[in-house]
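Heads up: the structure comes next, in structure tokens.
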Amino acid sequence: MSSGKEYLDFILEQLSEAEDVSYRAMMGEYILYYKGKILGGIYDDRFLVKPVKAAVAYMKDIEYAVPYEGAKEMLLVDNVDNKAYLKGLLEAMYHDLPVPKRKK
């Protein structure tokens, strides 16, 4: 199952208070970036983020989910209606997110 553009648009609107959020479509799903670093994505109309230490500490109720078969577990963000919460989550996660690998 792939994610709908409507759900992506909803999540991007919810993340609009955080600066420099972008996305890339990939095989029916969407990879989300924050200030150039991959923070997670939209998988099967679910907002999932990397399980970095800061995200685990920030989120109250932690639920892990697999974005697709064979992938590592990620954190399911279920508080998507709270823009301030989402902005805080991205800001908390930023320094724990890996630096993108340079393309040769």
Practice problem: Applying side chain to side chain contact (heavy atoms under 4.5 Å, CB included), run through L15 and K87 and close with a yes or a no. | Solution: CA-CA 6 Å; L15 297 174; K87 180 181 179 187; over 6 Å; no
Exercise. Give the ring-plane orientation class for Y58 versus Y85, where under 30° counts as parallel, over 60° as perpendicular and anything between as tilted.
Key: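 Y58 vs Y85 ring planes: tilted.
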Exercise. May I ask you to decide if the ring planes of Y34 and Y94 are parallel, tilted or perpendicular, using 30° and 60° as cut-offs?
Key: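 Ring orientation, 0 to 90° scale: perpendicular.
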Practice problem: Compute whether any side-chain donor of one residue and acceptor of the other, for Y33 and R24, lie under 3.5 angstrom apart. | Solution: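 A pair is found: one side chain offers a donor N or O, the other an acceptor, under 3.5 Å apart.
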Between the main-chain N or O of [Y] and the side-chain N or O of [X], is there a donor-acceptor pair closer than 3.5 Å?
X   : Y   : answer
E29 : G41 : no
N82 : A84 : yes
D45 : G4  : yes

Quiz item: When you look at CD of E19, are more than 12 heavy atoms from neighbouring residues, nucleotides or ligands closer to it than 6.0 Å?
Solution: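 No.
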Measuring only between side-chain heavy atoms, which start at C-beta, is [X] closer than 4.5 Å to [Y]?
X   : Y   : result
Y68 : M27 : no
Y64 : L76 : no
P51 : E73 : no
L32 : I11 : yes
L89 : M59 : yes
Y7  : F47 : yes

Separation of [Y] [atom2] from [X] [atom1] (nearest 0.5 Å):
X   : Y   : atom1 : atom2 : answer
N79 : D61 : CG    : CG    : 9.5 Å
S3  : D44 : OG    : CG    : 5.5 Å
R46 : E63 : CZ    : CD    : 9.0 Å
M74 : K50 : CE    : NZ    : 6.5 Å

Quiz item: With respect to K83, which candidate in E13, E17, Q14 satisfies the side-chain hydrogen bond (donor to acceptor under 3.5 Å, both in side chains) definition?
Solution: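 When side-chain hydrogen bond (donor to acceptor under 3.5 Å, both in side chains) is applied between K83 and each of E13, E17, Q14, only E13 qualifies.
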Quiz item: Run the side chain to side chain contact (heavy atoms under 4.5 Å, CB included) check on I38 and L97 step by step: do they pass?
Solution: CA-CA 7 Å; I38 296 174; L97 293 172; over 6 Å; no
Cluster link [X] to [Y], ILVMFWY, side chain under 4.5 Å:
X   : Y   : answer
V56 : L90 : yes
Y43 : M26 : yes
L48 : V80 : no
L86 : I31 : no

Quiz item: If you take all heavy atoms of D96 and A54, which pair is closest and at what distance?
Solution: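 Heavy atoms only, the tightest pair is OD2-N, 2.9 Å.
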